[in-house]
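Below is one structure; the comments refer to it alone.
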Amino acid sequence: MGAQLGDRLRSIRKRRGLTQAELAERSGVSVQLVRLLEQGGQESTRTETARRLASALRVETSALIVKPDAADPDVTDVELWAEVRQALAGIYPADEFSEPPTVAGVSATFAEVKPLFRGGRFTELAPRLVPMLRDADYLVSAADSGTTDARRLRSRIRQMVAWQMCLTWQFDAADHAIALALDDAPDLRAAAPLADADCWRWIRKGDLAKAREVATKWADDLEPRRISKASREDLAGWGLMLQRVSTAAIRDNRPGEAEDALAFARVAGMAIRHGEHDSKDGLLHAFGPVTVQMLAAENAMVVDKPQVALAIGAQLAGTKYPLPWPWQRHRLDIAAAHAAMRQYPEALAVLQQIRRELPEWLVKQRFARDILAGMIEKRRTLTAEVRELADFVQVPY
């Protein structure tokens, strides 16, 4: 794999008439890393590094990615979610029902658990998912209960599992959960949040071309015939997949395609009135003008425009966004923008705020570790606060 990446990088660089030093200067990647990659001394590189090199070479990022940019799951995560993965496969603890579950009862339990998921309280969430998966399987398999409502409910529970597996880099389990949830989804609109999870799985694995392909297909399928007549749910589903087209395209060094998708997403967002629309079937899926602005800030950071991200962040400051995960992901972009501008106290303040609000979620964010690692590298001495936060988010030594 290392030789394959090195061969590709060397071949494209020579075709562009650049020396290693010139490529390093244009991309902002160190000449030492360029040499290491070309010599096959490293099997793969981060998607962000590949994007920088691809931009300097005027090719798509996916032309340089030969191995998924994915971390191995932590042992603690594998252990925490072991029974959930088994329940997903239909293997449950040997306990009996105190009484047969009902759709209403499982729906009520799901409503209780949903805030744990959205609030990033994963240690509390994991044991609650196992009986819900078991009960949902019972409801669907029962001769008199295999209704659309039961299957739709099971699809949402499986979607929750899929997102947890994506978050913890357990991609085989995520793929399994997404496939099962899609089988239960009653219609295309209800399946859109699952397509979103699928796109994020491909992006996290570093397969940007596949993410673009999936997102584009779903965006085309979900496009309303007449925007003026479309429901909020229809507009949100379409806008959601347009966002993913833009997300994948900007990382794949296709800025024109990313901007076109973002422009259409703005149209969908403006057509949604009365604030952000919180999807009925999606767990992390609000959509509206604020969501589109958050994506614009994220895209700006991908292409190294921290001033743009900070300007958008200032416009959105104080916004009461309905979903914690996406909002805090936006706040990570703002922290990264502050760090890129060497505004380290401001970056640290944002990270500490995220820690107070979603501590378990923050620990799972490799982006947070990257921000802090960059700050540490550029500072001669570290304050006690920086050292403690670096330990908390598990920045490697």
Heavy-atom pair with the smallest gap, counting every atom of Ile250 and Val302: O-CG1, 3.9 Å
Backbone N/O of Leu208 and side chain of Ser62: donor-acceptor pair under 3.5 Å: no
CG (Asp172) with more than 12 external heavy atoms under 6.0 Å: no
Arg15 atom CZ, over 12 foreign heavy atoms within 6.0 Å: no
Distance under 6.0 Å and angle within 45° of ring axis: Arg355 vs Phe392: yes
Rounded distance [0.5 Å steps], CZ in Arg154 versus OG in Ser141: 8.0 Å
Contacts of type side chain to side chain donor-acceptor pair (under 3.5 Å), residue Asp77, not counting sequence neighbours: Lys364
Partners passing side chain to side chain donor-acceptor pair (under 3.5 Å) against Glu385 (at least two apart in sequence or in another chain): Gln352
Arg13 (side chain) donor-acceptor with Leu18 (main chain) under 3.5 angstrom: yes
Non-hydrogen atoms of Val78 and Gln170 that approach each other most closely: CA-OE1, 4.0 Å
Partner residues of Pro127 under the side-chain contact (heavy atoms from CB on, under 4.5 Å) criterion, sequence neighbours left out: none
Other residues, nucleotides, ligands: >12 heavy atoms within 6.0 Å of Arg152 CZ: yes
Verdict with supporting geometry, Lys210 and Glu213, salt bridge (charged side-chain N to carboxylate O under 4.0 Å, His left out): CA-CA 5 Å; Lys210 183 65 175 180; Glu213 175 190 335; 3.7 Å; yes
With sequence neighbours excluded, residues passing side chain to side chain donor-acceptor pair (under 3.5 Å) with Gln365: none
Heavy-atom check, side chain of Asp149 versus side chain of Leu139, under 4.5 Å: no
Option from Glu38, Gln32, Glu25 for which side-chain hydrogen bond (donor to acceptor under 3.5 Å, both in side chains) with Gln20 holds: Glu38
Plane angle bin for Trp327 and His330 - parallel if under 30°, tilted between 30 and 60°, otherwise perpendicular: tilted
Rounded distance (nearest 0.5 Å) linking atom CD of Gln164 with atom CE of Met160: 8.0 Å
side-chain contact (heavy atoms from CB on, under 4.5 Å) involving Arg128 - partner list, sequence neighbours excluded: Thr109, Glu112, Val113, Leu116
Hydrophobic cluster (4.5 angstrom, side-chain heavy atoms) - remaining members for Leu242: Ile178, Leu182, Leu188, Leu194, Trp202, Val214, Trp218, Leu222, Ile227, Leu235, Trp238, Leu240, Met241, Leu262, Phe264, Val267, Ile272, Phe287, Val292, Leu295
Arg189 backbone acceptor or donor facing Asp187 side chain under 3.5 Å: yes
With Arg121 via salt bridge (Lys or Arg N to Asp or Glu O under 4.0 Å) - residues at least two apart: Glu124
Distance (rounded to the nearest 0.5 Å) between Leu9 CG and Gln39 CD: 11.0 Å
Asp137/Arg158 under salt bridge (charged side-chain N to carboxylate O under 4.0 Å, His left out): CA gap, chis, key distance, verdict: CA-CA 11 Å; Asp137 280 349; Arg158 288 170 164 176; 3.6 Å; yes
Any donor-acceptor N/O pair, Gln243 side chain to Ala265 backbone, under 3.5 Å: no
Any donor-acceptor pair under 3.5 Å from Arg8 side chain to Ala63 backbone: yes
Expected output: side-chain Arg204 to main-chain Leu167 donor-acceptor under 3.5 Å: yes
Separation between CG of Leu23 and CZ of Arg35, rounded to the nearest 0.5 Å: 11.5 Å
Arg342 atom CZ: more than 12 heavy-atom contacts under 6.0 Å: no
Qualifying residues under ring pair (Phe, Tyr, Trp, His ring centres under 6.0 Å), relative to His277, sequence neighbours excluded: none
Which atom pairs, one a donor and one an acceptor, fall under 3.5 Å between side chains of residues 316-326 and the rest of the protein, sequence neighbours left out?
from, atom 1, to, atom 2, distance (Å)
Thr319, OG1, Leu316, O, 2.6
Tyr321, OH, Thr291, OG1, 2.6
Trp325, NE1, Phe117, O, 3.2

Residues which pass side-chain contact (heavy atoms from CB on, under 4.5 Å) with Gln343, listed by chain and number, not counting sequence neighbours: Leu310, His338, Met341, Glu346
Set of side chain to side chain donor-acceptor pair (under 3.5 Å) partners for Arg329, sequence neighbours left out: Asp333
Side-chain donor or acceptor of Arg244 paired with backbone N/O of Asp196 under 3.5 Å: no
Lys/Arg N to Asp/Glu carboxylate O, Asp278 vs Arg118, below 4.0 Å: yes
side-chain contact (heavy atoms from CB on, under 4.5 Å) partners for Arg226, two or more places apart: Ser228, Lys229
Carboxylate-amine/guanidinium contact Asp7 Arg10, below 4.0 Å: yes
From Arg369 atom CZ to Leu362 atom CG, the distance as rounded to the nearest 0.5 Å: 9.5 Å
Sidechain-backbone polar pair: Gln159 side chain, Ala181 backbone, donor-acceptor under 3.5 Å: no
Any donor-acceptor pair under 3.5 Å from Glu60 side chain to Asp252 backbone: no
